[in-house]
K.L.:
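I have a structure I would like to understand better, so I am pasting it below and will then ask my questions one at a time.
Computed from a predicted structure; not experimentally measured. Atoms within each ligand, like the ligands themselves, are counted from 1 in listed order.
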Amino acid sequence: MLKIKNLNVYYGAIHALKSINIEIREGEIVTLIGSNGAGKTSTLKAISGIIPCKSGTIEFEGKDITNAQPHKLVYAGIGHVPEGRRIFSELTVMENLELGAYTRKDKDVKSDFEKVFEKFPRLKERRKQDAGTLSGGEQQMLAIGRALMSRPKLLLLDEPSMGLAPIVVRQIFSTIKEINKSGTTILLVEQNANMALSIADRAYVIETGQIVNSGAAEDIKQNEDVKKAYLG
Ligand code: ATP
């Protein structure tokens with residue numbers, strides 16, 4: 001579904017992604033794990049067209065999408081839940097979800113609001129509340145719900161566990177699994193390697209801009225280097 005080949009990204013003189021290769025097949029949950037500053041967010045931003053790729057290619061469903069404009073990628077079926085959620089705090093929960101549906105012209109939008117509310121009943125209770133007054137976990141649910149409103153084929157999730165209590169993290173991860181089961185392919189970026197590996201099919205490990213390991217999530221979990229560096 002997604003093929004990243006020899007991708008290089010720079011911020012000025014900083015070489016943030018060094019010839020990385022990642023492949024995601026339809027229906028999978030793939031996780032990209034690594035420590036602070038390894039290049040996880042940059043990888044997602046490059047896929048979404050938010051930062052430019054200096055060289056290499058990104059293919060989505062057989063089409064070259066390297067350096068495509070972000071809104072075109074949303075139309076193509078790539079949803080992005082950014083780091084730090086980035087919801088619109090002064091808009092209500094419902095208005096945030098409506099914005100997520102801006103690419104849609106079909107009449108099923110209403111039933112999709114209901115689907116999001118089924119996944120996140122807490123959002124339904126708070127639909128008229130300003131998003132900025134939600135708890136961290138609720139804001140994460142809203143950020144995911146908003147991305148789902150564009151009916152993505154591939155959902156990019158940037159550190160959904162960040163700053164959340166363990167019980168909330170478990171809820172969010174079980175919802176991610178459900179979203180995948182109902183047909184959405186997922187690329188999950190995480191510092192919480194344990195949780196990410198527990199729901200993923202396959203994993204890539206990134207260190208200082210380079211992919212240093214990849215394989216079935218179960219094998220990566222047993223890998224001694226990974227255990228030492230990321231699993232405590
Ligand atoms: P974190 O988990 O801390 O967000 P990350 O793995 O997502 O880390 P990136 O945010 O992709 O890492 O950063 C990769 C490298 O690129 C880091 O060295 C970072 O300092 C650098 N970088 C990221 N954004 C910029 C920017 N806008 N300008 C300059 N350097 C940047």
K.L.:
List in chain and number order the residues that pass side-chain contact (heavy atoms from CB on, under 4.5 Å) with Glu26, two or more places apart in sequence or in another chain; answer none if no residue qualifies.
P.N.:
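side-chain contact (heavy atoms from CB on, under 4.5 Å) check on Glu26 returns Met1, Thr185.
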
K.L.:
Do you know which two heavy atoms are closest between Ala196 and Thr31, and how far apart they sit?
P.N.:
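Minimum heavy-atom separation between Ala196 and Thr31: CB-OG1, 3.3 Å.
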
K.L.:
Can you name the side-chain contact (heavy atoms from CB on, under 4.5 Å) partners of Asp219, sequence neighbours left out?
P.N.:
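In terms of side-chain contact (heavy atoms from CB on, under 4.5 Å), with neighbours along the sequence ignored, Asp219 is linked to Ala216.
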
K.L.:
For Lys40, is there an ion pair with Glu83 - N to carboxylate O distance below 4.0 angstrom?
P.N.:
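Looking at Lys40 together with Glu83, the answer is no, because their closest N to O distance does not fall below 4.0 Å.
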
K.L.:
Which residues pass the side-chain contact (heavy atoms from CB on, under 4.5 Å) test with Ala143, not counting sequence neighbours?
P.N.:
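By the side-chain contact (heavy atoms from CB on, under 4.5 Å) rule, Ala143 matches Val81, Arg85, Ile87, Gln140.
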
K.L.:
Would Thr41 and Asp158 count as having a side-chain donor-acceptor pair, cut-off 3.5 Å?
P.N.:
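Distance-only check passes for Thr41 and Asp158.
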
K.L.:
Tell me which residues fall inside the under-4.0 Å heavy-atom shell around ligand 1.
P.N.:
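These residues qualify: Tyr11, Ile14, Ala16, Ser35, Asn36, Gly37, Ala38, Gly39, Lys40, Thr41, Ser42, Glu83, Glu159, Gln191.
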
